[in-house]
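To start, the structure itself, in C-alpha coordinates.
Along the sequence shown, the residues carry numbers beginning at 1. All figures in this text were calculated on a predicted structure; none of them were measured in a lab. Just so you know, ligand 1 is whichever comes first in the structure, and atom 1 is the first atom listed for that ligand.
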Amino acid sequence: MNDILKLDIAGLKAKLEKKEVSSVEVTKACLQQIEATKDLHAYITVTADEAIAAARAYDGGKTSGALAGIPIAVKDNILTAAIRTTCASKMLSDFVPPYDAHVVEKLKRAGAVIVGKTNMDEFAMGSASANSYFGAVKNPVDVAHVPGGSSGGSAAAVAADTCFAALGSDTGGSIRQPASFCGVVGYKPTYSLVSRYGLVAFASSLDQIGPVTKTVADAGLLFDVIAGHDGRDSTSFAGQYPVMQNLDGSLKGKRIGVAKQFFTDDLHPEIRAAIEAQLRAAERAGATLVDVSIDSFSAALACYYILSSAEAATNLARYDGVKYGFRAKAGDYTDYIDLYVKTRTQGFGDEVKRRIMIGNYVLSSGYYDAYYLKALKVRTLIKRDFDAALSLCDALVCPTAPTTAPKAGQNSSPAEVYLSDAYTVPVNIAGLPGISVNCGRDKTGLPIGLQLIGKAYDDRALLGLAAGFEALGGAK
Ligand code: GLN
(Lines give C-alpha, C1' and ligand atoms only; values in the text may rest on other atoms or scores of the structure.)
Protein backbone atom coordinates (compact mmCIF):
# COMPACT_ATOMS: atom_id res chain seq x y z
CA MET A 1 0.00 0.00 0.00
CA ASN A 2 1.14 3.51 -0.83
CA ASP A 3 2.26 5.28 2.38
CA ILE A 4 0.48 8.46 1.35
CA LEU A 5 -2.81 6.72 2.18
CA LYS A 6 -1.84 6.66 5.87
CA LEU A 7 -2.02 10.45 6.05
CA ASP A 8 -4.96 12.34 7.50
CA ILE A 9 -6.69 15.07 5.48
CA ALA A 10 -4.54 17.82 6.97
CA GLY A 11 -1.36 15.90 6.07
CA LEU A 12 -2.51 15.19 2.52
CA LYS A 13 -3.62 18.80 1.97
CA ALA A 14 -0.15 20.03 2.86
CA LYS A 15 1.44 17.63 0.37
CA LEU A 16 -1.04 18.53 -2.39
CA GLU A 17 -0.52 22.23 -1.84
CA LYS A 18 3.26 21.86 -2.02
CA LYS A 19 2.76 19.72 -5.14
CA GLU A 20 4.73 16.88 -3.58
CA VAL A 21 2.00 14.62 -4.86
CA SER A 22 -0.80 15.10 -7.39
CA SER A 23 -4.45 14.41 -6.72
CA VAL A 24 -4.50 11.95 -9.63
CA GLU A 25 -1.67 9.95 -7.99
CA VAL A 26 -3.47 9.88 -4.64
CA THR A 27 -6.79 9.04 -6.23
CA LYS A 28 -5.22 6.18 -8.19
CA ALA A 29 -3.63 4.89 -4.98
CA CYS A 30 -7.08 4.95 -3.33
CA LEU A 31 -8.65 3.10 -6.24
CA GLN A 32 -5.89 0.48 -6.04
CA GLN A 33 -6.44 0.11 -2.32
CA ILE A 34 -10.21 -0.27 -2.89
CA GLU A 35 -9.42 -3.06 -5.35
CA ALA A 36 -6.89 -4.67 -2.97
CA THR A 37 -9.44 -4.69 -0.13
CA LYS A 38 -12.54 -5.51 -2.14
CA ASP A 39 -13.27 -8.59 -0.02
CA LEU A 40 -14.23 -6.19 2.78
CA HIS A 41 -17.30 -5.21 0.69
CA ALA A 42 -16.87 -1.65 1.93
CA TYR A 43 -18.12 -0.20 -1.37
CA ILE A 44 -21.25 -0.84 -3.39
CA THR A 45 -20.22 1.40 -6.30
CA VAL A 46 -16.72 2.64 -7.11
CA THR A 47 -16.79 5.86 -9.15
CA ALA A 48 -13.31 5.57 -10.66
CA ASP A 49 -13.88 7.63 -13.82
CA GLU A 50 -15.61 10.50 -12.03
CA ALA A 51 -12.92 10.44 -9.32
CA ILE A 52 -10.05 10.64 -11.81
CA ALA A 53 -11.84 13.47 -13.65
CA ALA A 54 -12.28 15.42 -10.39
CA ALA A 55 -8.64 14.78 -9.44
CA ARG A 56 -7.49 16.00 -12.88
CA ALA A 57 -9.58 19.12 -12.46
CA TYR A 58 -7.77 19.84 -9.19
CA ASP A 59 -4.33 19.14 -10.64
CA GLY A 60 -5.18 21.43 -13.53
CA GLY A 61 -5.96 24.26 -11.12
CA LYS A 62 -9.68 24.17 -11.90
CA THR A 63 -10.96 23.41 -8.39
CA SER A 64 -10.16 24.86 -5.02
CA GLY A 65 -11.75 24.64 -1.59
CA ALA A 66 -11.35 22.98 1.79
CA LEU A 67 -11.32 19.45 0.35
CA ALA A 68 -9.81 20.15 -3.03
CA GLY A 69 -8.19 17.05 -4.49
CA ILE A 70 -8.98 14.88 -1.44
CA PRO A 71 -10.54 11.42 -2.00
CA ILE A 72 -13.74 10.98 0.02
CA ALA A 73 -16.37 8.21 0.10
CA VAL A 74 -20.11 8.68 0.55
CA LYS A 75 -22.61 6.32 2.18
CA ASP A 76 -24.98 4.80 -0.34
CA ASN A 77 -28.12 6.34 1.16
CA ILE A 78 -26.93 9.83 0.16
CA LEU A 79 -28.04 10.79 -3.33
CA THR A 80 -25.46 11.31 -6.07
CA ALA A 81 -26.70 12.61 -9.42
CA ALA A 82 -26.20 10.06 -12.22
CA ILE A 83 -24.51 7.60 -9.83
CA ARG A 84 -26.74 4.83 -8.52
CA THR A 85 -27.78 5.10 -4.90
CA THR A 86 -29.06 1.80 -3.57
CA CYS A 87 -29.45 2.06 0.22
CA ALA A 88 -28.04 -1.50 0.03
CA SER A 89 -31.53 -2.64 -0.93
CA LYS A 90 -32.86 -4.70 -3.80
CA MET A 91 -35.63 -2.09 -3.84
CA LEU A 92 -33.23 0.62 -5.06
CA SER A 93 -30.54 -1.58 -6.62
CA ASP A 94 -30.92 0.16 -10.00
CA PHE A 95 -31.97 3.60 -8.78
CA VAL A 96 -30.03 6.48 -10.33
CA PRO A 97 -30.94 9.79 -8.67
CA PRO A 98 -31.56 12.85 -10.84
CA TYR A 99 -29.93 15.19 -8.31
CA ASP A 100 -27.21 15.47 -5.65
CA ALA A 101 -27.89 15.59 -1.93
CA HIS A 102 -27.09 18.94 -0.31
CA VAL A 103 -23.97 17.47 1.29
CA VAL A 104 -22.77 16.09 -2.05
CA GLU A 105 -23.23 19.52 -3.66
CA LYS A 106 -21.14 20.89 -0.81
CA LEU A 107 -18.42 18.24 -1.18
CA LYS A 108 -18.17 18.95 -4.90
CA ARG A 109 -18.07 22.69 -4.34
CA ALA A 110 -15.21 22.15 -1.88
CA GLY A 111 -13.31 20.26 -4.59
CA ALA A 112 -13.58 16.79 -3.04
CA VAL A 113 -12.87 13.72 -5.16
CA ILE A 114 -15.69 11.24 -4.57
CA VAL A 115 -14.27 7.73 -4.96
CA GLY A 116 -17.39 5.70 -4.36
CA LYS A 117 -20.56 4.84 -2.50
CA THR A 118 -20.15 2.80 0.66
CA ASN A 119 -21.98 -0.33 1.74
CA MET A 120 -24.37 -0.27 4.67
CA ASP A 121 -27.28 -2.02 6.34
CA GLU A 122 -30.35 -1.90 4.11
CA PHE A 123 -32.04 1.49 4.52
CA ALA A 124 -29.60 2.11 7.43
CA MET A 125 -31.38 -0.42 9.65
CA GLY A 126 -28.89 -2.52 11.55
CA SER A 127 -25.79 -2.52 13.69
CA ALA A 128 -23.41 -4.80 11.78
CA SER A 129 -23.66 -3.88 8.07
CA ALA A 130 -24.72 -7.47 7.48
CA ASN A 131 -28.22 -6.54 6.27
CA SER A 132 -27.00 -5.55 2.83
CA TYR A 133 -28.35 -6.83 -0.49
CA PHE A 134 -24.76 -6.48 -1.76
CA GLY A 135 -23.12 -8.67 0.88
CA ALA A 136 -21.96 -8.15 4.46
CA VAL A 137 -19.13 -5.69 5.20
CA LYS A 138 -16.06 -6.99 7.08
CA ASN A 139 -14.05 -5.19 9.72
CA PRO A 140 -10.56 -4.33 8.38
CA VAL A 141 -9.08 -4.62 11.87
CA ASP A 142 -10.10 -8.30 11.96
CA VAL A 143 -12.11 -9.64 9.03
CA ALA A 144 -13.75 -12.29 11.17
CA HIS A 145 -15.61 -9.48 12.95
CA VAL A 146 -18.37 -7.11 11.87
CA PRO A 147 -17.51 -3.45 11.23
CA GLY A 148 -20.63 -2.18 13.02
CA GLY A 149 -23.53 -0.51 11.31
CA SER A 150 -25.27 0.91 9.60
CA SER A 151 -22.41 3.03 8.15
CA GLY A 152 -20.08 0.01 8.35
CA GLY A 153 -18.89 0.52 4.77
CA SER A 154 -17.88 4.11 5.52
CA ALA A 155 -16.00 3.11 8.69
CA ALA A 156 -14.31 0.15 6.97
CA ALA A 157 -13.40 2.33 3.96
CA VAL A 158 -11.64 4.84 6.22
CA ALA A 159 -10.02 2.22 8.47
CA ALA A 160 -8.71 0.34 5.41
CA ASP A 161 -7.15 3.55 4.04
CA THR A 162 -9.17 3.45 0.82
CA CYS A 163 -10.16 7.13 1.21
CA PHE A 164 -9.29 9.98 3.57
CA ALA A 165 -12.77 10.37 5.07
CA ALA A 166 -16.32 9.27 4.44
CA LEU A 167 -19.82 10.51 5.05
CA GLY A 168 -22.19 8.38 7.05
CA SER A 169 -25.66 8.83 8.45
CA ASP A 170 -26.69 8.40 12.07
CA THR A 171 -30.26 7.76 13.20
CA GLY A 172 -29.42 5.82 16.36
CA GLY A 173 -25.65 5.43 16.30
CA SER A 174 -24.86 4.46 12.73
CA ILE A 175 -21.84 6.75 12.45
CA ARG A 176 -20.48 6.42 15.99
CA GLN A 177 -20.84 2.67 16.58
CA PRO A 178 -19.07 1.52 13.37
CA ALA A 179 -16.37 4.15 13.95
CA SER A 180 -15.84 2.67 17.41
CA PHE A 181 -15.69 -0.92 16.03
CA CYS A 182 -13.19 0.04 13.31
CA GLY A 183 -11.00 2.33 15.45
CA VAL A 184 -11.74 5.60 13.64
CA VAL A 185 -13.57 8.83 14.52
CA GLY A 186 -17.34 9.12 13.96
CA TYR A 187 -19.21 12.35 14.60
CA LYS A 188 -22.96 12.96 14.60
CA PRO A 189 -23.61 16.71 14.63
CA THR A 190 -26.48 18.36 16.52
CA TYR A 191 -29.74 17.53 14.72
CA SER A 192 -30.52 20.19 12.07
CA LEU A 193 -26.95 21.43 11.44
CA VAL A 194 -26.49 19.27 8.33
CA SER A 195 -29.24 19.29 5.71
CA ARG A 196 -31.05 16.01 5.14
CA TYR A 197 -31.98 17.04 1.59
CA GLY A 198 -31.08 14.03 -0.53
CA LEU A 199 -30.53 11.66 2.39
CA VAL A 200 -32.91 8.74 1.91
CA ALA A 201 -35.19 9.03 4.92
CA PHE A 202 -35.22 6.37 7.62
CA ALA A 203 -36.54 8.22 10.70
CA SER A 204 -36.68 11.89 9.79
CA SER A 205 -36.74 13.31 13.33
CA LEU A 206 -33.53 11.42 14.18
CA ASP A 207 -31.53 11.15 10.92
CA GLN A 208 -28.37 13.20 10.65
CA ILE A 209 -25.44 13.07 8.22
CA GLY A 210 -21.91 13.31 9.60
CA PRO A 211 -18.23 12.51 9.01
CA VAL A 212 -16.20 9.35 9.57
CA THR A 213 -12.52 10.31 9.70
CA LYS A 214 -9.10 9.38 11.02
CA THR A 215 -8.84 12.36 13.39
CA VAL A 216 -11.10 14.75 15.29
CA ALA A 217 -9.63 17.72 13.42
CA ASP A 218 -10.60 16.09 10.12
CA ALA A 219 -14.15 15.56 11.41
CA GLY A 220 -14.30 19.29 12.11
CA LEU A 221 -12.95 20.09 8.68
CA LEU A 222 -15.57 17.94 6.97
CA PHE A 223 -18.30 19.40 9.18
CA ASP A 224 -17.37 22.91 8.11
CA VAL A 225 -17.86 21.82 4.49
CA ILE A 226 -21.20 19.99 4.84
CA ALA A 227 -22.96 22.05 7.54
CA GLY A 228 -25.06 25.11 6.83
CA HIS A 229 -28.61 26.28 6.32
CA ASP A 230 -30.58 24.71 3.48
CA GLY A 231 -34.13 25.83 2.70
CA ARG A 232 -34.88 22.41 1.16
CA ASP A 233 -34.80 20.74 4.61
CA SER A 234 -37.56 22.25 6.75
CA THR A 235 -35.69 21.36 9.95
CA SER A 236 -32.44 22.99 8.83
CA PHE A 237 -31.02 25.36 11.45
CA ALA A 238 -31.17 29.03 10.44
CA GLY A 239 -28.91 30.53 13.16
CA GLN A 240 -25.17 30.90 13.65
CA TYR A 241 -23.20 27.73 12.80
CA PRO A 242 -20.19 26.53 14.77
CA VAL A 243 -16.85 26.76 12.99
CA MET A 244 -14.38 23.98 13.72
CA GLN A 245 -11.03 25.43 12.77
CA ASN A 246 -8.33 25.61 15.48
CA LEU A 247 -10.16 23.50 18.02
CA ASP A 248 -9.30 24.01 21.67
CA GLY A 249 -7.99 20.56 22.55
CA SER A 250 -7.23 21.33 26.18
CA LEU A 251 -8.88 19.34 28.96
CA LYS A 252 -7.67 21.74 31.66
CA GLY A 253 -10.58 23.08 33.71
CA LYS A 254 -13.13 21.14 31.66
CA ARG A 255 -16.01 19.45 33.44
CA ILE A 256 -16.75 15.91 32.29
CA GLY A 257 -20.11 14.45 33.29
CA VAL A 258 -20.32 10.76 34.07
CA ALA A 259 -23.71 9.15 34.77
CA LYS A 260 -23.87 6.03 36.93
CA GLN A 261 -26.54 4.70 34.54
CA PHE A 262 -23.88 4.40 31.83
CA PHE A 263 -22.16 1.56 33.66
CA THR A 264 -24.75 -1.17 33.16
CA ASP A 265 -24.40 -4.94 33.60
CA ASP A 266 -24.34 -5.31 29.82
CA LEU A 267 -21.16 -3.25 29.61
CA HIS A 268 -18.16 -5.47 28.92
CA PRO A 269 -15.63 -5.26 31.79
CA GLU A 270 -12.73 -4.48 29.44
CA ILE A 271 -14.62 -1.54 28.00
CA ARG A 272 -15.56 -0.28 31.44
CA ALA A 273 -11.89 -0.48 32.43
CA ALA A 274 -10.75 1.35 29.29
CA ILE A 275 -13.28 4.18 29.77
CA GLU A 276 -12.41 4.50 33.46
CA ALA A 277 -8.69 4.60 32.69
CA GLN A 278 -9.29 7.30 30.11
CA LEU A 279 -11.34 9.34 32.60
CA ARG A 280 -8.48 9.14 35.09
CA ALA A 281 -6.07 10.28 32.36
CA ALA A 282 -8.41 13.21 31.63
CA GLU A 283 -8.31 14.13 35.32
CA ARG A 284 -4.53 14.10 35.24
CA ALA A 285 -4.74 16.43 32.24
CA GLY A 286 -6.72 18.90 34.36
CA ALA A 287 -10.35 17.89 33.79
CA THR A 288 -12.84 17.53 36.64
CA LEU A 289 -15.26 14.62 36.75
CA VAL A 290 -18.83 15.46 37.71
CA ASP A 291 -21.42 12.88 38.82
CA VAL A 292 -24.65 13.30 36.91
CA SER A 293 -27.78 11.22 36.53
CA ILE A 294 -29.79 10.25 33.46
CA ASP A 295 -32.72 8.46 35.10
CA SER A 296 -34.45 7.79 31.79
CA PHE A 297 -31.37 6.13 30.23
CA SER A 298 -32.78 2.60 30.37
CA ALA A 299 -35.98 3.69 28.58
CA ALA A 300 -34.15 5.11 25.58
CA LEU A 301 -33.74 1.90 23.61
CA ALA A 302 -37.45 1.03 23.65
CA CYS A 303 -38.34 4.64 22.93
CA TYR A 304 -35.97 4.67 19.95
CA TYR A 305 -37.21 1.43 18.41
CA ILE A 306 -40.82 2.61 18.67
CA LEU A 307 -40.24 6.09 17.24
CA SER A 308 -37.72 5.14 14.56
CA SER A 309 -39.82 2.20 13.36
CA ALA A 310 -42.98 4.34 13.25
CA GLU A 311 -41.22 6.95 11.14
CA ALA A 312 -39.60 4.26 8.98
CA ALA A 313 -42.92 2.58 8.26
CA THR A 314 -44.26 5.92 7.06
CA ASN A 315 -41.16 6.90 5.08
CA LEU A 316 -40.87 3.52 3.38
CA ALA A 317 -44.51 3.52 2.23
CA ARG A 318 -43.32 5.27 -0.95
CA TYR A 319 -41.59 2.13 -2.27
CA ASP A 320 -44.58 0.64 -4.03
CA GLY A 321 -43.10 -0.32 -7.40
CA VAL A 322 -44.90 2.48 -9.19
CA LYS A 323 -42.76 5.62 -9.34
CA TYR A 324 -39.25 4.24 -9.01
CA GLY A 325 -37.23 1.36 -7.74
CA PHE A 326 -37.78 -2.36 -7.99
CA ARG A 327 -41.09 -3.69 -9.30
CA ALA A 328 -42.35 -7.28 -9.21
CA LYS A 329 -42.29 -8.93 -12.65
CA ALA A 330 -45.17 -8.17 -14.98
CA GLY A 331 -47.45 -11.18 -15.02
CA ASP A 332 -46.57 -12.02 -11.39
CA TYR A 333 -49.30 -9.75 -10.02
CA THR A 334 -52.98 -9.56 -10.71
CA ASP A 335 -54.00 -6.04 -9.67
CA TYR A 336 -52.42 -2.95 -8.12
CA ILE A 337 -52.74 -4.17 -4.52
CA ASP A 338 -51.03 -7.37 -5.55
CA LEU A 339 -48.34 -5.26 -7.28
CA TYR A 340 -47.63 -3.40 -4.02
CA VAL A 341 -47.59 -6.60 -1.97
CA LYS A 342 -45.30 -8.56 -4.31
CA THR A 343 -42.99 -5.60 -4.92
CA ARG A 344 -42.53 -4.97 -1.21
CA THR A 345 -42.31 -8.66 -0.31
CA GLN A 346 -39.57 -9.23 -2.88
CA GLY A 347 -37.84 -5.85 -2.68
CA PHE A 348 -37.27 -5.47 1.09
CA GLY A 349 -35.05 -7.63 3.30
CA ASP A 350 -36.12 -9.16 6.61
CA GLU A 351 -34.92 -6.41 8.96
CA VAL A 352 -36.63 -3.69 6.93
CA LYS A 353 -39.87 -5.68 6.94
CA ARG A 354 -39.54 -6.15 10.69
CA ARG A 355 -39.22 -2.38 11.23
CA ILE A 356 -42.20 -1.68 8.93
CA MET A 357 -44.29 -4.15 10.90
CA ILE A 358 -43.21 -2.75 14.28
CA GLY A 359 -43.86 0.77 13.02
CA ASN A 360 -47.31 0.08 11.62
CA TYR A 361 -48.20 -1.82 14.80
CA VAL A 362 -47.30 1.05 17.14
CA LEU A 363 -49.15 3.52 14.92
CA SER A 364 -52.30 1.46 14.54
CA SER A 365 -55.47 2.51 16.31
CA GLY A 366 -55.65 0.98 19.75
CA TYR A 367 -51.83 0.87 20.07
CA TYR A 368 -51.01 4.43 19.09
CA ASP A 369 -51.62 5.81 22.61
CA ALA A 370 -49.98 2.87 24.35
CA TYR A 371 -46.77 2.92 22.30
CA TYR A 372 -46.22 5.81 19.91
CA LEU A 373 -47.69 8.60 22.02
CA LYS A 374 -46.04 7.24 25.16
CA ALA A 375 -42.68 7.05 23.40
CA LEU A 376 -43.04 10.69 22.35
CA LYS A 377 -43.56 11.61 26.02
CA VAL A 378 -40.57 9.52 27.08
CA ARG A 379 -38.56 11.34 24.43
CA THR A 380 -39.29 14.62 26.21
CA LEU A 381 -38.15 13.13 29.53
CA ILE A 382 -34.92 11.87 28.00
CA LYS A 383 -34.24 15.26 26.46
CA ARG A 384 -34.87 16.96 29.82
CA ASP A 385 -32.56 14.56 31.66
CA PHE A 386 -29.74 15.19 29.18
CA ASP A 387 -30.24 18.95 29.29
CA ALA A 388 -30.16 18.91 33.10
CA ALA A 389 -27.02 16.75 33.16
CA LEU A 390 -25.31 18.91 30.55
CA SER A 391 -26.09 22.06 32.55
CA LEU A 392 -23.63 20.69 35.15
CA CYS A 393 -20.73 19.92 32.81
CA ASP A 394 -19.17 20.60 29.41
CA ALA A 395 -19.83 17.14 27.98
CA LEU A 396 -20.78 13.63 29.03
CA VAL A 397 -18.48 10.66 28.54
CA CYS A 398 -19.58 7.05 28.12
CA PRO A 399 -18.70 4.02 26.00
CA THR A 400 -19.86 4.18 22.37
CA ALA A 401 -21.02 0.55 22.51
CA PRO A 402 -21.27 -2.03 25.31
CA THR A 403 -18.95 -4.47 23.50
CA THR A 404 -16.21 -4.42 20.87
CA ALA A 405 -17.06 -5.68 17.36
CA PRO A 406 -18.84 -9.05 17.58
CA LYS A 407 -17.82 -12.00 15.37
CA ALA A 408 -19.56 -12.06 12.01
CA GLY A 409 -22.28 -14.61 11.38
CA GLN A 410 -23.44 -14.94 14.99
CA ASN A 411 -27.09 -15.83 15.16
CA SER A 412 -28.17 -13.13 17.58
CA SER A 413 -31.85 -12.30 17.96
CA PRO A 414 -33.00 -8.84 16.80
CA ALA A 415 -33.51 -7.79 20.42
CA GLU A 416 -29.89 -8.75 21.28
CA VAL A 417 -28.64 -6.76 18.31
CA TYR A 418 -30.70 -3.72 19.36
CA LEU A 419 -28.93 -3.73 22.75
CA SER A 420 -25.69 -2.68 21.07
CA ASP A 421 -27.29 0.74 20.43
CA ALA A 422 -27.94 1.51 24.11
CA TYR A 423 -25.35 4.30 24.36
CA THR A 424 -25.91 5.92 21.00
CA VAL A 425 -29.70 6.15 20.58
CA PRO A 426 -30.35 8.55 23.51
CA VAL A 427 -28.17 11.13 21.74
CA ASN A 428 -30.40 11.08 18.64
CA ILE A 429 -33.54 11.10 20.76
CA ALA A 430 -32.31 14.25 22.51
CA GLY A 431 -31.04 15.80 19.24
CA LEU A 432 -27.55 16.29 20.72
CA PRO A 433 -24.12 16.11 19.11
CA GLY A 434 -22.06 12.97 19.81
CA ILE A 435 -18.65 11.76 18.74
CA SER A 436 -16.77 8.49 19.09
CA VAL A 437 -13.00 8.52 19.47
CA ASN A 438 -10.74 5.52 19.94
CA CYS A 439 -9.56 4.77 23.47
CA GLY A 440 -7.48 1.65 23.04
CA ARG A 441 -8.07 -1.98 22.24
CA ASP A 442 -9.39 -5.05 24.01
CA LYS A 443 -7.08 -8.00 24.63
CA THR A 444 -7.89 -9.48 21.23
CA GLY A 445 -6.84 -6.24 19.54
CA LEU A 446 -10.30 -4.91 18.67
CA PRO A 447 -10.79 -1.14 19.02
CA ILE A 448 -12.76 0.40 21.91
CA GLY A 449 -14.69 3.62 21.34
CA LEU A 450 -15.27 6.41 23.84
CA GLN A 451 -18.29 8.60 23.21
CA LEU A 452 -18.55 12.27 24.13
CA ILE A 453 -21.99 13.88 24.16
CA GLY A 454 -22.24 17.65 23.99
CA LYS A 455 -24.75 20.46 24.34
CA ALA A 456 -27.05 21.14 21.40
CA TYR A 457 -25.44 23.55 18.92
CA ASP A 458 -22.22 23.70 20.93
CA ASP A 459 -20.53 21.23 18.59
CA ARG A 460 -17.34 23.25 18.66
CA ALA A 461 -16.86 22.70 22.38
CA LEU A 462 -17.62 19.01 21.91
CA LEU A 463 -15.02 18.56 19.18
CA GLY A 464 -12.47 20.48 21.24
CA LEU A 465 -12.97 18.06 24.12
CA ALA A 466 -12.86 15.11 21.73
CA ALA A 467 -9.52 16.36 20.45
CA GLY A 468 -8.37 16.46 24.07
CA PHE A 469 -9.38 12.84 24.62
CA GLU A 470 -7.82 11.82 21.31
CA ALA A 471 -4.54 13.37 22.43
CA LEU A 472 -4.53 11.20 25.58
CA GLY A 473 -3.91 8.19 23.34
CA GLY A 474 -5.35 4.73 23.90
CA ALA A 475 -5.97 3.50 27.42
CA LYS A 476 -3.85 0.41 27.73
N1 GLN B 1 -28.61 0.34 14.78
C2 GLN B 1 -29.66 1.29 14.78
C3 GLN B 1 -30.84 0.77 13.99
O4 GLN B 1 -30.72 -0.28 13.46
C5 GLN B 1 -29.19 2.61 14.28
C6 GLN B 1 -29.28 2.76 12.82
C7 GLN B 1 -28.87 4.11 12.33
O8 GLN B 1 -28.37 4.97 13.08
N9 GLN B 1 -29.13 4.35 11.07
O10 GLN B 1 -31.86 1.37 13.92
Margin query: Looking at ligand 1, would Ser308 count as a contact under a 4.0 Å heavy-atom criterion?
Written below: no
Margin query: Between ligand 1 and Ala124, is the shortest N or O to N or O distance under 3.5 Å?
Written below: yes
Check: For atom 9 (N) of ligand 1, which candidate among Gly148, Ala128, Ala312, Ser174 provides the closest heavy atom?
Finding: Ser174
Note to self: Ala157: which residues meet the side-chain contact (heavy atoms from CB on, under 4.5 Å) condition with it, sequence neighbours left out?
What the structure shows: Ala42, Tyr43, Thr118, Thr162, Cys163
Next item on the list: Please confirm whether Phe95 and Tyr319 have ring centers closer than 6.0 angstrom.
Entry: no
Next item on the list: Calculate, to the nearest 0.5 Å, the distance between atoms CG and OH belonging to Leu363 and Tyr371 respectively.
Entry: 13.0 Å
For residues 192-217, tabulate all N or O donor-acceptor pairs below 3.5 Å that involve a side-chain atom, not counting sequence neighbours.
| unit_1 | atom_1 | unit_2 | atom_2 | d |
| --- | --- | --- | --- | --- |
| Ser192 | OG | Tyr457 | OH | 3.3 |
| Ser195 | OG | Tyr197 | N | 3.0 |
| Ser195 | OG | Asp230 | OD2 | 2.6 |
| Arg196 | NE | Tyr191 | OH | 3.4 |
| Arg196 | NH2 | Tyr191 | OH | 3.3 |
| Arg196 | NH2 | Asp233 | OD1 | 3.1 |
| Arg196 | NH2 | Thr235 | OG1 | 2.9 |
| Ser204 | OG | Asn315 | ND2 | 3.1 |
| Ser205 | OG | Glu311 | OE1 | 3.4 |
| Ser205 | OG | Glu311 | OE2 | 2.6 |
| Ser205 | OG | Arg379 | NH1 | 2.9 |
| Asp207 | OD1 | Thr171 | OG1 | 2.6 |
| Asp207 | OD1 | Ala203 | N | 3.1 |
| Asp207 | OD2 | Phe202 | N | 3.0 |
| Asp207 | OD2 | Ala203 | N | 3.2 |
| Gln208 | OE1 | Ser192 | N | 3.4 |
| Gln208 | OE1 | Leu193 | N | 3.4 |
| Gln208 | OE1 | Val194 | N | 3.0 |
| Thr213 | OG1 | Thr215 | O | 2.8 |
| Lys214 | NZ | Leu5 | O | 2.6 |
| Lys214 | NZ | Leu7 | O | 2.8 |
| Lys214 | NZ | Asp161 | OD1 | 3.2 |
| Thr215 | OG1 | Asp218 | N | 3.0 |

Margin query: Just to check, does Tyr418 reach to within less than 4.0 Å of ligand 1 when the distance is taken from its heavy atoms?
Written below: no
Note to self: Could you tell me, atom by atom, which parts of ligand 1 come under 4.0 Å of a heavy atom of Met125?
What the structure shows: 4 (O)
Note to self: Between ligand 1 and Arg355, can you find any atom pair, the residue atom being a heavy atom, that is separated by under 4.0 Å?
What the structure shows: yes
Next item on the list: For Gly172, counting its heavy atoms only, list the atoms of ligand 1 lying under 4.0 Å from any of them.
Entry: 5 (C), 7 (C), 8 (O)
Note to self: Over 60° means perpendicular and under 30° means parallel, so tell me whether Tyr418 and Tyr305 are parallel, tilted or perpendicular.
What the structure shows: parallel
Checklist line | Glu351/Arg354 ion pair, N-O < 4.0 Å | finding: yes
Next item on the list: Just jot down the ligand 1 atoms closer than 4.0 angstrom to any heavy atom of Tyr304, in number order.
Entry: 2 (C), 3 (C), 5 (C), 6 (C), 10 (O)
Check: So, Thr343 side chain and Gly321 main chain: donor-acceptor pair closer than 3.5 Å or not?
Finding: no
Note to self: Under a 4.0 angstrom heavy-atom cut-off, which atoms of ligand 1 come close to Ser150?
What the structure shows: 9 (N)
Next item on the list: Do me a favour and list the nearest non-hydrogen protein atom to atom 2 (C) of ligand 1 with residue, atom name and distance?
Entry: Asp421 OD2, 3.2 Å
